[in-house]
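The sequence lines fix the lettering, A, B, ..., with proteins before strands; numbering per chain opens at 1.
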There are 2 protein chains.
Amino acid sequence: MSILAKLSFKDQAFKLREQTVLDATTRLLASKGFDLMTMDDVAGEAGISKPSLYKHFKSKEDLATEVMIRLLDGALEYLAALDASLSSKDRLGSLLEWALRVRLQGGLPFLPSASPQVKEMLTRSIRYVTRVYKLHKQMQALVEAAKTAGDIRTDLPTDVILYAYYSRTCDPAVDYMKYYGRYSDDQIVDYMRAIIFTGIGAADAG
Amino acid sequence: MSILAKLSFKDQAFKLREQTVLDATTRLLASKGFDLMTMDDVAGEAGISKPSLYKHFKSKEDLATEVMIRLLDGALEYLAALDASLSSKDRLGSLLEWALRVRLQGGLPFLPSASPQVKEMLTRSIRYVTRVYKLHKQMQALVEAAKTAGDIRTDLPTDVILYAYYSRTCDPAVDYMKYYGRYSDDQIVDYMRAIIFTGIGAADAG
DNA sequence: ACGACCTTTTACTAATCAGTAGCTTTTTTT
DNA sequence: AAAAAAAGCTACTGATTAGTAAAAGGTCGT
């Protein structure tokens, strides 16, 4: 008996609509950002009315937070499902690729926009912070392991490397490559991987 | 006779207050962002009333655009004043350092926030676009020259290198290093330079 | 088929904020 | 020193939007 079988048809429909709302919100957050996204926008995009929307999420902040939580859960899931034989550096590269592809397909970057209001709102959510912490710990372990394996520079502190890595997931260079450079998604992923791991300097330059 | 001598004392005071307003706006844009910054905030921070503010700038968009124009003018000036003996790569490094220090001292990043409204507003301003174009052309020439000198990788397109470079000026990693890592401004500048030019991968890794 | 219950919607409220009208005070000119 | 002019300020307007109350519609068991 599946977990869904316990729910009535109506409850299943409710859960389904919740996902539709989260999808709509994700698209709107990606295109307009939190401040400019209105709850009427969300309701319209999801095909329901605003009061129905409030049956699912108690506020705009709650809604946006749930979207970010779902995104982080996706990342944690992806990381857990990675081939066990992959090196730490390859895992880092693979997760970056996943995050970039999510974004290129109209999704959101891991790292929320610079808006301090959004940042504060997220840090107030225990469920969100728990996931950030869990992901960060796993990432720390990966970087340390990659350093030991000789694949990552040891002259940069691990937290600096992680900040640089996280920032790549919301790097505006991606948008510029897509909209001005007209590069393919595959090409963009390759370039970003090159930029984060080997930089723009020539290999033999000081 | 200086140019200012042509202006009455009152006109001089007017110009001075304009700079005060631009400074206040810069601080507010850096801390709250465009959407959350109100014109009452600006007037309060600048120590004048809102209608006086509108004597200087005809709209909120106009004000923000002028701030960005002043920032770009600063960059163009800095670039023009650089020691003629510097290599192209060193000029790129030096300008990045300048941009990062401006930001670390409460200023704005070159690249405006991801908000599409802000982006569209800026592209409507001919004065802004002219400066972006001028700076971009100079940067292109620098990257090409650095490639020829063997200081920058030739396997990445010049525009990709430039997008990566511009993105560093608004990189959230800077904020993380400052607020969580507690690194000094000098240290942050060094790390960012390392990250953009040589990447996070070990030198001998594939 | 009927009535109780639950869901969705239309239409509102309160708050916020960009931009302005008209009065007051200060400065300039004669 | 008085009239004229200009700058600033207080107090407003209209538009937008998060969140809600109450009506309208649908669904279920009996």
Nearest-Å distance, [atom1] ([X]) to [atom2] ([N])?
| X | N | atom1 | atom2 | result |
| --- | --- | --- | --- | --- |
| D41(A) | dA18(D) | CG | C1' | 12 Å |
| Y54(B) | dC9(D) | OH | C1' | 15 Å |
| I48(B) | dC9(D) | CD1 | P | 7 Å |
| F57(B) | dG19(C) | CZ | C1' | 16 Å |
| D35(A) | dT17(D) | CG | P | 12 Å |
| K55(B) | dT20(C) | NZ | P | 11 Å |
| E61(B) | dC17(C) | CD | C1' | 14 Å |
| L53(A) | dT8(C) | CG | P | 11 Å |

- Message: Less than 6.0 angstrom from the centroid, inside 45 degrees of the normal: does K119(B) satisfy that with respect to the ring of Y176(A)?
- Response: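 Satisfied, under 6.0 Å and within 45°.
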- Task: Look at the aromatic rings of Y78(A) and W98(A) and report parallel, tilted or perpendicular, splitting at 30° and 60°.
- Result: parallel
Taking only nitrogen or oxygen atoms into account, show me every contact under 3.5 Å that the protein makes with nucleotides 11-16 of chain C, one pair per line with its distance.
none

- Per salt bridge (Lys or Arg N to Asp or Glu O under 4.0 Å), E66(B) is matched among K60(B), K58(B), R127(B) by R127(B)
- State whether S49(A) places a side-chain N or O below 4.0 Å from either non-bridging phosphate oxygen (OP1 or OP2) of dT10(C). no
- Ignoring backbone atoms, establish whether R17(A) has a side-chain N or O less than 4.0 Å from OP1 or OP2 of dT8(C).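 So the side chain of R17(A) is within the cut-off, an N or O lying under 4.0 Å from OP1 or OP2 of dT8(C).
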Basic-acidic side-chain contact under 4.0 Å: [X], [Y]:
| X | Y | value |
| --- | --- | --- |
| D41(A) | R27(A) | no |
| R168(A) | D171(B) | yes |
| R101(A) | D185(A) | no |
| R124(A) | E120(A) | yes |

Which of the following nucleotides, [options], is nearest to the side chain of [X]?
| X | options | answer |
| --- | --- | --- |
| M39(B) | dT9(C), dA18(C), dC9(D) | dA18(C) |
| S59(B) | dG19(C), dT9(C), dA18(D) | dG19(C) |
| K60(A) | dT9(C), dT20(C), dA18(D) | dA18(D) |

- Item | Donor-acceptor contact below 3.5 Å, side chain S167(B) vs main chain A173(A) |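 Confirmed, S167(B) side chain pairs with A173(A) backbone.
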- Item | Nucleic acid contacts of residues 22-33 of chain B, taken as heavy-atom distances under 4.0 Å to DNA chain D |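 By residue number: none to list.
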- Task: Could you note down all residue pairs passing salt bridge (Lys or Arg N to Asp or Glu O under 4.0 Å) where residues 129-147 of chain B supplies at least one of them, sequence neighbours left out?
- Result: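 Counting only pairs at least two positions apart or across chains, the salt bridge (Lys or Arg N to Asp or Glu O under 4.0 Å) contacts touching residues 129-147 of chain B are D73(B)-R131(B).
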